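Computed from a prediction, not measured in an experiment: that's the story for all the values here. Whatever order the structure lists them in is the order used to number ligands and atoms, beginning at 1.
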Amino acid sequence: MSLYLHNYALSGKPAAIIAQIPCLQDNYGFLIHDVANGKTAAIDTPDAEAINKALSAQGWSLDVIFNTHWHGDHTGGNQVLKDQWGCRIIGPGGERMAIPACDQTIGEGETIALGRLQAKVIETPGHTAGHIVYHFADIAVAFVGDTLFSLGCGRLFEGSAEEMWHSLEKLRALPDNTDIFCAHEYSKANADYALSVDPENRALIERAQQIAELRASHKPTIPSPLGLEKKTNPFLRADSDDMMARLGMQKATPAQVFAHLRQGKDNF
Ligand SMILES: [Zn+2]
């Protein structure tokens with residue numbers, strides 16, 4: 001089993017370990033472990049077996065599940081893991097009925113604790129109507145589910161382009177050093193599309209090369225720092241003058257430019 005570990009410190013002391021678990025076709029499951037008191041949360045449950053293997057490899061037990069949205073490749077392991085660990089399951093308020101074994105819902109601006117770590121919830125409708133993101137500001141980490149991908153964004157299944165653009169604007173407002181943990185390894189295909197709409201962007205060309213090299217050796221391209229996404233992700237650049245000019249959409253609203261880019265990706 002491949003498992004990737006990321007360490008985060010606070011005031012020079014180890015504070016959190018994030019375990020990144022490739023599973024299913026191209027999903028990532030994540031565990032976040034509070035070093036101070038040993039509490040562990042799963043961010044979504046794409047594959048209970050893969051998550052259990054990671055827990056046992058680390059010697060951790062599962063205390064809580066934080067769901068980002070109701071899709072089966074994010075909640076499919078909820079019931080099995082709850083039966084096994086007796087863990088609590090927290091999910092978005094707007095999707096309670098669709099989230100298996102949900103104990104508690106949470107919404108915009110609310111904070112949830114994992115030991116000494118704190119996550120603030122950001123509602124990001126668009127991919128699904130109730131999608132939420134968990135932002136751990138102290139360690140500069142955001143679990144963004146299927147809202148933002150490296151060089152991409154989620155498909156609009158339950159929301160308008162306007163709503164998704166507003167959601168992406170909220171994520172874009174986070175600090176540049178925020179590590180973006182998205183739930184799928186889509187970076188290579190996203191880079192191909194990004195280059196087709198933003199071919200002269202030097203930072204994007206470099207990032208696409210890095211992604212190609214990482215994927216050639218089967219390494220993850222996730223997490224990516226938000227500052228780099230702001231420079232290279234076409235969906236976060238829908239309101240930039242050069243993107244609008246290149247698309248001949250100088251008079252359009254950012255949401256219209258975003259809608260055009262999203263439609264282009266759907267048909268790419
Ligand atoms: Zn989804």
(request) To the nearest 0.5 Å, tell me how far Leu62 CG sits from Asn52 CG. (result) 8.0 Å
(message) Under 2.8 Å from the Zn ion (ligand 1) - does any N, O or S atom of His131 fall there?
(response) no
(request) Verify the distance test for Asp146 against the Zn ion (ligand 1): any N/O/S atom under 2.8 Å, yes or no. (result) yes
(message) To make sure I understand the geometry: which N, O or S atom in His69 is closest to the Zn ion (ligand 1)?
(response) NE2
(request) Examine His71 and say whether one of its N/O/S atoms is closer to the Zn ion (ligand 1) than 2.8 Å. (result) yes
(request) Calculate, to the nearest 0.5 Å, the distance between atoms SG and OH belonging to Cys153 and Tyr186 respectively. (result) 11.5 Å
(request) Could you grab the distance from atom CD of Glu200 to atom CD1 of Ile205, nearest 0.5 Å is fine? (result) 8.0 Å
(message) Checking His33 against Thr40: is there a side-chain donor and acceptor pair closer than 3.5 Å?
(response) yes
